[in-house]
**Q** 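Have a look at the structure that comes next, please.
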There are 2 protein chains.
Amino acid sequence: MVSSKDVAKKAGVSQTTVSRVLNTPELVKKPTVDKVMRAIEELNYIPNANARSLVQNKTKTIALLSGPIHNPFFVDTTTAIINYANEKGYRVHVQYVDDERLQEAYTSILENKVDGVILSCIFWEDPMFFKLKQLDIPFITYNRKHKNNEFFVEIDNFYAGYLSAQHLLELGHTAISWVGGPQNRSTFKERYAGFIKALEDYNIAKNDDYIFTVDTSKQSIQDLFQHITSLDKQPTGICAATDSIALHLLDCFITKNLKVPDDISIIGIDNVDLSKHGMIQLTTVGSILEENLGFLAIKELFEMIENKKNSCVRITKPVKVFNRRTTSAPKQTIK
Amino acid sequence: MVSSKDVAKKAGVSQTTVSRVLNTPELVKKPTVDKVMRAIEELNYIPNANARSLVQNKTKTIALLSGPIHNPFFVDTTTAIINYANEKGYRVHVQYVDDERLQEAYTSILENKVDGVILSCIFWEDPMFFKLKQLDIPFITYNRKHKNNEFFVEIDNFYAGYLSAQHLLELGHTAISWVGGPQNRSTFKERYAGFIKALEDYNIAKNDDYIFTVDTSKQSIQDLFQHITSLDKQPTGICAATDSIALHLLDCFITKNLKVPDDISIIGIDNVDLSKHGMIQLTTVGSILEENLGFLAIKELFEMIENKKNSCVRITKPVKVFNRRTTSAPKQTIK
DNA sequence: AATAAAAATGGTTACGTATTCATTTTGTTG
DNA sequence: CAACAAAATGAATACGTAACCATTTTTATT
């Protein structure tokens with residue numbers, strides 16, 4: 001590998017000067033710059049970012065631990081995050097984490113000495129939260145948050161769950177199902193709590209036969225679909241904890257020639273881009289503002305990285321219902 | 001920052017021994033291992049991957065330069081690629097490249113001394129191809145290929161374009177539009193050529209008023225939609241060069257209350273996962289096999305990285321039509 | 001022309017690790 | 001218990017860069 005020393009020798013200058021030509025050329029005389037640049041060209045020299053990181057103790061890299069992009073929410077956020085970071089001249093280590101490989105992902109970001117971490121995969125109780133804090137690594141969570149209630153950007157999950165249920169309740173549904181995910185994630189936990197609160201406010205008894213938990217995989221949602229359609233008394237409406245779940249369910253119902261919303265109403269949460277598609281038109285709950293959570297989060301992260309801002313970030317965005325075409329009043333005749 | 005030297009001091013051993021405990025513990029006596037591990041715990045020591053990379057001259061990192069994931073094709077491939085690499089113990093630098101930032105992305109991967117590169121963003125004539133070859137960095141392109149016809153995994157783009165046109169021709173369409181992208185990408189170039197060949201074979205005169213090029217952005221597709229619907233004599237069918245384009249067009253038509261396929265037929269190419277969704281059911285052309293291109297490519301890349309395989313990879317997958325619900329015979333009465 | 005100030009360049013070192021080679025310790029065998 | 005092999009450990013070095021401090025060269029000022 002050709003190093004800056006090789007360039008120095010070729011150009012007849014010191015390695016220090018080569019370094020200066022690349023980093024602070026204004027401190028080097030024009031002819032010297034030219035000489036060095038010529039040597040760089042001839043030798044096809046490429047600086048080694050690892051070596052630079054070692055001495056500078058910064059990597060110009062951030063780590064993104066995202067949920068899987070078969071969930072369109074993470075498609076929207078990933079794009080926003082990477083583009084913003086790249087504009088700032090940073091590279092992004094992306095990992096789409098599932099639960100099994102979470103620990104490896106955590107280890108990897110610690111060993112690679114990234115300048116900042118942005119993650120959506122944090123659990124309600126997650127030791128990594130304290131690790132990052134202790135090591136003084138700038139970080140922020142988006143979508144989910146840690147129970148410590150610090151360094152996060154989220155939507156108002158409780159109210160989103162509430163609005164989701166309320167929407168169906170106001171349409172006249174009483175047999176309403178909840179399809180959520182594991183409660184060790186703040187999103188599922190709080191959205192569910194909001195859903196339950198709405199039922200209470202409307203004096204609808206909570207029916208445990210209608211409360212479901214999936215692991216958010218396509219398979220588990222298909223299994224659930226089988227179960228729901230085999231029930232004696234089926235729900236007339238489904239509150240899905242995420243658009244991703246809602247979209248999968250939608251696919252199941254439609255594929256089995258059931259009509260949405262005629263046979264069943266479905267409402268999601270997140271208002272992902274895909275839900276707006278003319279062929280989909282998913283009714284959902286999402287942030288009032290256009291900017292997605294990933295974008296808000298990465299901006300905050302860079303505040304912390306570049307401006308050493310350390311006032312704690314706690315952002316919760318208000319939400320509203322986006323009324324589209326997958327919900328309606330229930331059929332009069334309930335089987 | 002706490003280093004292995006600090007651990008060594010604390011444990012009362014040499015730095016060499018600390019290194020051995022972490023990398024080849026079988027060469028170290030049990031009590032020594034324990035001593036060192038205890039020191040590591042107490043000091044919260046985390047190895048520095050950059051320093052390791054520097055001395056070992058490998059980074060356990062690959063770079064993925066992907067097309068943007070607002071194109072669902074790259075959602076499917078990105079997931080496959082990252083998961084496979086992570087399983088192999090590699091990290092992935094992901095960049096979703098647009099044309100402006102391509103050069104920065106290239107620079108970044110060269111300076112960071114990644115162990116391999118997988119990219120979909122290469123141009124038909126792209127100097128980076130030779131740069132990577134010259135530097136002896138293992139690399140592979142998927143989706144697109146370079147004109148040198150080496151190190152790629154693709155679908156049979158020419159035949160895909162051909163089948164796409166043939167599908168509409170066989171349905172009886174004669175006023176068929178092509179919506180493609182810039183010709184400096186092998187995919188657009190060859191799919192278009194196939195499309196043209198089909199027209200010839202069916203003795204349909206090529207009509208330049210029906211041949212369109214977009215930059216694949218949502219905006220440019222909306223603009224094109226405006227143009228198409230304002231034509232005196234509108235096409236009855238559209239061959240979109242990618243599913244991504246097809247899906248955007250679909251959105252435009254549906255949103256304006258036009259019926260697909262009753263008012264217009266649309267066929268894509270790529271057979272992305274989303275096209276199978278019950279609410280979408282996009283007719284498209286895609287690989288006969290289930291495995292996506294990203295997965296095939298990353299497997300090949302690891303062959304090159306780990307087994308020093310250097311026989312040149314040239315993979316072209318056969319394609320077929322996936323006949324779904326966005327195409328039909330044209331209406332009898334053509335405006 | 002003398003002097004001071006500023007600009008340009010170079011020598012040396014540190015970053016944190018793995019590796020190479022040398023040395024010490026332990027274990028084995030007769 | 002000697003002799004030797006094997007196992008365990010350590011000292012020194014290299015990786016490629018930026019930064020610090022020292023030195024030389026140039027420019028400006030009188």
Side-chain angles (χ1 to χ4, degrees), chain A residues 1-37 39-40 43-61 89 91 107-115 135 137, chain B residues 1-37 39-40 43-61 91 107-115 135:
Chain A
M1 170 180 293
V2 26
S3 73
S4 58
K5 283 179 188 165
D6 301 324
V7 174
K9 192 179 293 174
K10 178 112 185 173
V13 298
S14 70
Q15 182 267 330
T16 307
T17 297
V18 175
S19 178
R20 264 191 287 254
V21 168
L22 292 171
N23 298 294
T24 51
E26 67 277 10
L27 297 183
V28 184
K29 259 205 299 192
K30 186 80 194 332
T32 313
V33 172
D34 293 343
K35 250 191 324 191
V36 171
M37 290 309 286
I40 286 176
L43 294 177
N44 262 302
Y45 165 72
I46 299 168
N48 185 322
N50 287 315
R52 182 186 301 131
S53 296
L54 191 57
V55 52
Q56 296 202 345
N57 202 27
K58 65 182 172 195
T59 54
K60 282 276 192 178
T61 300
R91 271 151 281 108
T107 304
S108 158
I109 66 178
L110 293 179
E111 295 195 347
N112 282 277
K113 312 297 175 189
V114 296
D115 293 342
L135 291 170
I137 300 173
Chain B
M1 171 180 292
V2 27
S3 75
S4 57
K5 283 179 190 166
D6 301 325
V7 174
K9 192 179 294 174
K10 177 114 187 173
V13 298
S14 70
Q15 180 267 329
T16 309
T17 297
V18 175
S19 178
R20 264 192 286 255
V21 167
L22 291 172
N23 298 295
T24 53
E26 66 277 10
L27 297 182
V28 185
K29 260 204 300 193
K30 185 78 196 333
T32 313
V33 172
D34 293 343
K35 249 192 324 190
V36 171
M37 290 308 288
I40 287 176
L43 294 176
N44 262 303
Y45 166 72
I46 299 168
N48 184 322
N50 286 316
R52 182 187 302 131
S53 296
L54 190 57
V55 49
Q56 294 201 350
N57 204 27
K58 64 182 173 195
T59 53
K60 282 277 194 175
T61 300
R91 270 150 283 108
T107 303
S108 158
I109 67 179
L110 293 178
E111 296 195 347
N112 282 278
K113 312 297 176 190
V114 296
D115 294 342
L135 291 170

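Protein chains get the first letters and strands the later ones, always in sequence-line order, with residue 1 at the start of each.
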**Q** Salt bridge between B/Lys30 and B/Asp34, side-chain N to carboxylate O under 4.0 Å?
**A** yes
**Q** Determine the contact category for A/Asn50: base if any of its heavy atoms lies under 4.0 Å from a base atom, sugar-phosphate if only primed atoms, P, OP1 or OP2 are that close, otherwise nothing.
**A** nothing
**Q** Can you check the B/Lys30 NZ to D/dA7 P distance for me, whole Å?
**A** 19 Å
**Q** How close or far is atom P of D/dC15 from atom NZ of B/Lys58, stated in whole angstroms?
**A** 17 Å
**Q** Go through C/dA18, D/dC15, D/dA18 for me and flag the one nearest to the B/Arg52 side chain.
**A** C/dA18
**Q** Which part of the nucleic acid, if any, lies within reach of B/Ser53 when heavy atoms closer than 4.0 Å are counted: base, sugar-phosphate only, or nothing?
**A** nothing
**Q** Side chain of B/Ala51 only, please: which of C/dG16, C/dT26, D/dC20 is the nearest?
**A** C/dG16
**Q** Distance check needed: D/dC15 P versus A/Leu54 CG, whole Å only.
**A** 14 Å
**Q** For B/Gln56 and C/dG16, give me the distance from atom CD to atom C1', rounded to whole Å.
**A** 12 Å
**Q** Which sits closer to the 5' end of DNA chain D, B/Glu26 or B/Val55, going by the nucleotide each is nearest to?
**A** B/Glu26
**Q** Can you give me the closest heavy-atom contact between A/Arg52 and A/Pro47, atom names plus distance?
**A** NH2-CB, 3.6 Å
**Q** What contact category does A/Ser19 fall into here, base, sugar-phosphate, or nothing, at under 4.0 angstrom with non-hydrogen atoms?
**A** base
**Q** May I ask you to evaluate whether A/Asn23 reaches the phosphate of D/dA18, defined as a side-chain N or O under 4.0 Å from OP1 or OP2?
**A** yes
**Q** Looking at B/Met1 and A/Asn57, what are the two nearest heavy atoms and their distance?
**A** CE-OD1, 3.6 Å
**Q** Identify the heavy atoms of B/Ala11 and B/Ala39 that sit nearest to each other, and give their distance.
**A** CB-CB, 3.9 Å
**Q** If I take atom CD in residue A/Glu111 and atom C1' in nucleotide C/dC15, what distance separates them, rounded to the nearest angstrom?
**A** 17 Å
**Q** Using a heavy-atom distance cut-off of less than 4.0 Å, which residues of residues 5-18 of chain B contact DNA chain C?
**A** B/Lys5, B/Gln15, B/Thr16
**Q** What distance do B/Glu111 atom CD and A/Asn50 atom CG have between them, rounded to the nearest 0.5 Å?
**A** 10.5 Å
**Q** To the nearest Å, give me how far apart CG (A/Asn112) and C1' (C/dG16) are.
**A** 14 Å
**Q** Tell me: NZ of A/Lys113 to P of D/dT17, nearest whole Å?
**A** 21 Å
**Q** Between B/Leu27 and A/Ile46, which has a closest nucleotide on DNA chain D that is more 5'?
**A** B/Leu27
**Q** Output the rounded distance in Å from CE (A/Met1) to P (D/dT17).
**A** 8 Å
**Q** Where the side chain of A/Arg20 is defined as all heavy atoms beyond and including C-beta, which of D/dG16, C/dG10, D/dT9 is the nearest nucleotide?
**A** C/dG10
**Q** With rounding to the nearest 0.5 angstrom, report the NZ to OG1 distance, A/Lys35 to A/Thr17.
**A** 8.5 Å
**Q** Is it true that atom NZ of A/Lys9 has more than 12 heavy atoms of other residues, nucleotides or ligands lying nearer than 6.0 Å?
**A** no
